[in-house]
Q: 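My structure is below; once you've seen it, I'll send some questions.
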Amino acid sequence: MVMAVSFERYGRLYYLDPGEFRPRVGDKVLVPTDDGPEVAECVWAPQYVTEDVGGLPTCAGIASEQDLERDEQNRQRRADARVIAKRTIRQHGLPMKVVGIDFVDRRPDIDQLVIVYFSAPHRVDFRELVRDLARALRARIELRQVGARDEARLQGGIGPCGRDLCCATFLKDFEPVSVRMAKDQDLPLNPLKISGACGRLMCCLKYEHPLYQEFNAKAPAVGTAVETPAGDGVVVGHNVPSDTVVVRLAASGRRCACSRADVCSPRQQYEASGTTTSDAPPVLPKEVPAAEKPAVRETNAVPNNTAAPQENAVPENTAVPDDDTPPRAETREERRARKPRRRRRLHHDDQGDSAQ
């Protein structure tokens with residue numbers, strides 16, 4: 001079973017093994033960390049999954065009243081430390097911006113640690129700042145400089161799509177993003193439109209790029225003449241999310257959206273070849289009415305690949321008209337009665353030839 005918890009409201013989700021506990025959505029649980037168990041909120045109740053998930057940390061139990069009180073005190077200390085850190089940085093005149101504060105208390109009033117996350121345009125000499133913060137907060141101080149993407153992850157926010165930032169919800173690792181990815185997706189190269197809240201290129205350009213690469217490799221390029229169910233036309237655009245191609249028809253000049261499979265050359269060649277799969281029923285030839293069949297005169301001609309029959313031997317159900325008799329069209333019943341016996345006779349003759 002798997003459950004999901006979050007340390008902050010609308011923050012990143014962390015997955016746990018519930019163990020013997022069955023918390024409900026909204027319950028406070030204890031999550032094991034490097035600095036001891038921390039209080040988090042259950043976002044997804046424990047549920048069974050089809051895949052075997054291993055290596056997840058096990059839930060330490062349901063948070064008690066004492067654990068909730070300690071967590072509330074730590075939140076208040078983080079808020080106070082943030083105010084003190086901002087005021088001290090302003091007094092020293094350093095180009096630093098406080099991004100986040102993490103307060104760790106391994107034991108009450110002993111070995112308390114305050115981690116200050118900050119961003120700066122360049123390296124900063126904060127040796128004097130550390131001594132003043134340690135004297136003001138009465139705890140060990142650790143300063144960590146983060147980049148623009150990590151700053152957006154810690155602070156959170158709303159992206160251009162109207163949803164929570166990917167880095168603050170589910171995205172774990174930052175992968176390099178290039179302008180080439182924006183070109184392949186036909187996006188405007190305006191930095192204001194392809195940049196995220198951090199000022200860098202949007203991370204979603206990376207994990208959507210393979211979909212556009214696959215589509216462009218199989219779909220006809222812009223300007224290609226294609227055949228569509230509505231008629232011949234020219235490709236004027238692509239719509240990758242809907243897997244369609246925009247075609248301008250040659251007859252009417254209007255534009256229509258066609259599925260990529262309808263205008264793909266391999267698909268059209270496959271349909272034109274008339275190939276069938278092994279499971280498809282065989283295609284039977286259409287029967288021609290007897291009135292439309294040409295007149296055929298039956299003779300005793302023997303095929304080249306069969307043995308010659310005995311002299312004066314006439315096959316059964318074979319009509320041999322006189323010389324003065326005009327040719328007569330064979331009826332359907334005679335044709336059906338004759339063909340199976342001819343096939344059996346020829347098959348018997350072939351066996352006889354192979355035995356000789």
Q: Does any non-hydrogen side-chain atom of Leu13 lie less than 4.5 Å from one of Trp44?
A: yes
Q: Is there a donor-acceptor contact under 3.5 Å from the side chain of Ser195 to the main chain of Leu192?
A: no
Q: Using side-chain heavy atoms (C-beta onward) and a distance below 4.5 Å, is Leu129 in contact with Leu143?
A: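 A side-chain contact under 4.5 Å exists here.
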Q: So Asp132 and His92, do their side chains get closer than 4.5 Å, heavy atoms only?
A: yes
Q: Can you check whether Val99's main-chain N or O pairs, donor with acceptor, with Arg82's side chain at less than 3.5 Å?
A: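 Pair found, side chain donor or acceptor close to backbone of Val99.
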Q: Between the side chain of Glu38 and the main-chain N/O of Pro32, is any donor-acceptor distance below 3.5 Å?
A: no
Q: Determine whether Met1 and Leu16 fall in the same hydrophobic cluster, where Ile, Leu, Val, Met, Phe, Trp and Tyr are linked whenever their side-chain heavy atoms lie under 4.5 Å apart.
A: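 No; tracing contacts between hydrophobic side chains, which count when under 4.5 Å, never links both residues.
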Q: Check which hydrophobic residues are tied to Leu30 through side-chain heavy-atom contacts below 4.5 Å, counting indirect links as well, and list them.
A: Val39, Leu68
Q: Any side-chain heavy atom of Asp232 within less than 4.5 Å of one from Val226?
A: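 SC-SC contact between Asp232 and Val226 ruled out.
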Q: Decide, yes or no, whether a salt bridge links Glu151 with Arg149 under the criterion of side-chain N to carboxylate O below 4.0 Å.
A: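 No.
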Q: Tell me, do Tyr117 and Gln145 make a side-chain contact under 4.5 Å, heavy atoms counted?
A: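 Not in contact.
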Q: Just so I know, are the side chains of Leu187 and Leu205 near enough to count as touching, which here means a heavy-atom distance under 4.5 Å?
A: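 Leu187 reaches Leu205 side chain to side chain.
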Q: For Glu65, I'd like to know if atom CD has over 12 heavy atoms of other residues, nucleotides or ligands within 6.0 Å.
A: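 Not more than 12 within 6.0 Å, no.
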Q: Among pairs that include at least one residue of residues 191-201, which meet salt bridge (charged side-chain N to carboxylate O under 4.0 Å, His left out), considering only residues two or more places apart or in two chains?
A: none
Q: Please name the pair of heavy atoms, one in Cys203 and one in Val177, separated by the smallest distance, quoted to 0.1 Å.
A: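 Looking at all heavy atoms of both residues, the shortest contact is CA-CG2, 4.4 Å.
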Q: Determine yes or no for a side-chain-to-main-chain donor-acceptor pair under 3.5 angstrom, with His238 supplying the side chain and Pro220 the backbone.
A: yes
Q: Measure the shortest side-chain to side-chain distance between Thr244 and Cys258 over non-hydrogen atoms and say whether it is less than 4.5 angstrom.
A: no
Q: Any chain of hydrophobic side-chain contacts (each under 4.5 Å) joining Val240 to Val247?
A: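 Same hydrophobic cluster.
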Q: Are the side chains of Pro95 and His122 in contact, using a 4.5 Å heavy-atom criterion?
A: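 Contact flag for His122/Pro95 side chains = yes.
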Q: When you measure from the side chain of Glu175 to the backbone N and O of Lys206, does any donor-acceptor pair fall under 3.5 Å?
A: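 No.
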Q: Hey, are Asp80 and Arg77 close enough for a salt bridge, meaning a charged N less than 4.0 Å from a carboxylate O?
A: no
Q: Check residues 207-216 and write down every donor-acceptor pair under 3.5 Å in which the side-chain atom is one partner and the other belongs to a residue at least two apart or another chain.
A:
unit_1: His209; atom_1: NE2; unit_2: Asp184; atom_2: OD2; d: 2.8
unit_1: Asn216; atom_1: ND2; unit_2: Tyr212; atom_2: O; d: 3.1

